[in-house]
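See structure below.
Start at 1 and go down the list; that is how both ligands and their atoms are numbered.
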Amino acid sequence: MAERNEAAMATTETGRTVRIAAVGDLHVREDAQASCRDLFGEVSREADVLVLTGDLTNLGKPREAEILAEDLRACAIPVVAVLGNHDYESGAVEDVAHILRQAGVHLLDGQTTEIKDVGFVGVKGFIGGFGSRMLGSFGEPAIKAMVAESVSESMRLENAMRQVRTERTLVVLHYAPVVETVAGEPLEIFPFLGSSRLAETIDRFKVSAVVHGHAHRGVYEGRTPGGAPVYNVAMHVAKPTGRPYALLEI
Ligand SMILES: [Fe+2]
Ligand SMILES: [Fe+2]
């Protein structure tokens, strides 16, 4: 309770602290036994904005998106989201995106949106690996296409960052920008969990924090080489809140 009072009183140059609830990898299924409705009701009482970091649906089916959209009616605060790889699985990503936008979600795919004096910048990101071991553009066209996709996502992030006009910025990704927050996953799949190219782009700007999902067995906290805080908010990852979502105050 004391923490919440402090948050309410804290101010920044541009306004009061904004409380952001962030969670990824809901993987909503058609045959879901449990609904997200109670969770969305809870975050509406705890936070000013809800951020969803991709894998919103389990197989990218429009029906799954409809179930999520219905559950989001219990959410009384603005919702910002990016898509994840699972949202592409059924080849119906445009339908999934349309359903979520119709439900009022600020679905970001290389754009920025401003809510309560915070700039939210969102892009899905892509695979490719980390640091000096990142996959390079060499050899077969298929490898080069993969690297090109990774570079393209970073460039789209950069273009979106350039649109930000706010003092505070939250970067929203699905894939990890640093290796630290995927620790705990099998080593063999690290290159499929994200790409340092995202962190290289992030570090060219001033950002308040970065959130991502995708690495279900990763860890909560990391940092870009330039010092930006990074949080893996996949719902399976243990967080200081003890809840499936993280609470950030920026
Ligand atoms: Fe996931
Ligand atoms: Fe994923």
Residues forming a side-chain hydrogen bond (donor to acceptor under 3.5 Å, both in side chains) with R63, sequence neighbours excluded: E66
Honestly, is K124 close enough over Y88, meaning NZ or CZ under 6.0 Å from the six-membered ring centre and within 45° of the axis? yes
Could you list the residues that satisfy side chain to side chain contact (heavy atoms under 4.5 Å, CB included) with M134, not counting sequence neighbours? S195, S196, R197, E200
Going by atom types only, do Y245 and E46 share a side-chain donor-acceptor pair under 3.5 Å? no
Write out all pairs satisfying ring pair (Phe, Tyr, Trp, His ring centres under 6.0 Å) with one or both partners inside residues 153-193, taking only residues at least two apart or from two chains. H174-H214, Y175-H214
Tell me, which protein N/O/S atoms are under 2.8 Å away from the Fe ion (ligand 2)? D55 OD2, N85 OD1, H174 NE2, H214 ND1
Hey, is CZ on R29 packed in by over 12 heavy atoms from elsewhere, all under 6.0 Å? no
